[in-house]
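Working notes, structure below.
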Amino acid sequence: MGKAKKSPKFAVMKKIVTHKAIKQYKEDVLNPNRKDLTKEKLPRNVPQVSSALYFKHNTALGPPYRVLVDTNFINFSIQNKLDLEKAMMDCLYAKCTPCITDCVMAELEKLGQKYRVALRIAKDPRFERLPCIHKGTYADDCLVDRVTQHKCYIVATCDRDLKRRIRKIPGVPIMYITKHQYSIERLPEATIGGGRINHFSKSLKLGSSEVENLWDSFARQPP
């Protein structure tokens, strides 16, 4: 007498070959040493927002402005025959204090005799010297870390990579050189008179001096 054939257990087979089981199997095969985050109770890593920011508006910025100067900004200013402090005041219509960090000074000293004029300008007593306590002398990292911690600076640079890094930090304006003069990026027009004058001069197609006279005549009118 022959043995009766056993019918296949379809329910058990279906339970084994589910989409979830295949996904779990692939994860185990491809990354067997991965950490199971569900078992470990990790603390929440929430970045602290600066108290100087109101959304993306920086309330800590205001005249007199403190401008962090990069190495190439001094070199390009010399090429364009611009006095740093005077050109900054022409751009922002307010008192400006250029600030030089120890890392920027170290970079200028490493560049040698070719950049001795830039080093002499950086040692100007009108400029504020900011000490660095971190390791290394890479100026870009130094400037990024400083403006991340303290939102009271404007960064003056012509370096594209540094500009790209600064744009990711909210509330930090960038000063750069264009058409043989300084220009400002991401500084609200409401905080500076120069921004409003440039805006009106472009919209009305008038010179800056004419717009200034027009602005003064409006300011003198009684409320």
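The figures here come from the full heavy-atom set of this structure, side chains too, leaving out hydrogens, waters and symmetry mates.
The cluster map of Ile, Leu, Val, Met, Phe, Trp and Tyr, joined by side-chain heavy atoms under 4.5 Å apart, puts L84 and I184 in the same cluster. M89 and Y65 end up in different hydrophobic clusters when Ile, Leu, Val, Met, Phe, Trp and Tyr side chains are linked at under 4.5 Å. Under a hydrophobic-cluster definition in which Ile, Leu, Val, Met, Phe, Trp and Tyr are linked whenever side-chain heavy atoms come within less than 4.5 Å, directly or via other members, I154 and L143 are assigned to different clusters.
Side-chain contact check for L119 versus K123: some heavy-atom pair is nearer than 4.5 Å. Inter-residue side-chain proximity for I177 and S77 is flagged as met; some heavy-atom pair is nearer than 4.5 Å. R66 has its side chain within reach of L130: a pair of non-hydrogen atoms, C-beta onward, lies under 4.5 Å apart. Proximity of D70 to V155: side-chain heavy atoms (C-beta onward) are nowhere separated by under 4.5 Å. Side chains of I74 and V69 form a contact here, defined as non-hydrogen atoms less than 4.5 Å apart. Side-chain contact between I169 and K151 is present, with heavy atoms from C-beta onward closer than 4.5 Å. Looking at L162 and N72, their side chains never come closer than 4.5 Å, going by heavy atoms from C-beta outward.
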- [ ] Report the C-alpha distance between E107 and T71 in whole Å, list the side-chain angles of each, state the deciding distance to 0.1 Å, and finish with yes or no for side chain to side chain donor-acceptor pair (under 3.5 Å).
- [x] CA-CA 7 Å; E107 272 195 1; T71 311; 2.8 Å; yes
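Considering every non-hydrogen atom in both L82 and H180, the closest pair reads CD2-O, 3.5 Å. For M175 against L92, the heavy-atom pair with the smallest separation is CE-CD1, 3.9 Å. V67 and A156 make their closest contact through CG1-CB, 3.6 Å (heavy atoms, listed as atom of the first residue, atom of the second, distance). Residues M88 and Y182 approach most closely at N-CD1, 3.6 Å, considering heavy atoms. Of all heavy-atom pairs spanning A122 and I100, the tightest one is O-CG1, 4.0 Å. What you find for Y115 and N75 is that their closest heavy atoms are CD2-OD1, 3.3 Å.
With rounding to the nearest 0.5 angstrom, the CD atom of E85 is 12.5 Å from the CD1 atom of I121. Atom CG of L61 sits about 11.5 Å away from atom OH of Y153, to the nearest 0.5 Å. Here C99 contributes atom SG and R146 contributes atom CZ; the two are 9.0 Å apart, rounded to the nearest 0.5 Å. The OH atom of Y138 sits 12.5 Å away from atom NE2 of H134, with the distance rounded to the nearest 0.5 Å. Interatomic distance, CZ of R116 versus CG of L108, reported as 13.5 Å (0.5 Å rounding). If you take OG on S183 and OH on Y176, they are separated by 3.5 Å, rounding to the nearest 0.5 Å.
Listed by chain and residue number, K86 satisfy the side-chain contact (heavy atoms from CB on, under 4.5 Å) test with D90 (two or more places apart in sequence, or in another chain). Applying the side-chain hydrogen bond (donor to acceptor under 3.5 Å, both in side chains) criterion to E109, with sequence neighbours excluded, gives no partner residue. Qualifying side-chain hydrogen bond (donor to acceptor under 3.5 Å, both in side chains) partners for D159, counting only residues two or more places apart in sequence or in other chains: none.
Shown here is R160, whose CZ atom has no more than 12 heavy atoms of other residues, nucleotides or ligands within 6.0 Å.
Taking a cutoff of 4.0 Å between a charged side-chain nitrogen and a carboxylate oxygen, D141 and R165 qualify as a salt bridge.
With hydrogens and angles ignored, the 3.5 Å screen pairs a side-chain donor or acceptor of D102 with a backbone N or O of C132.
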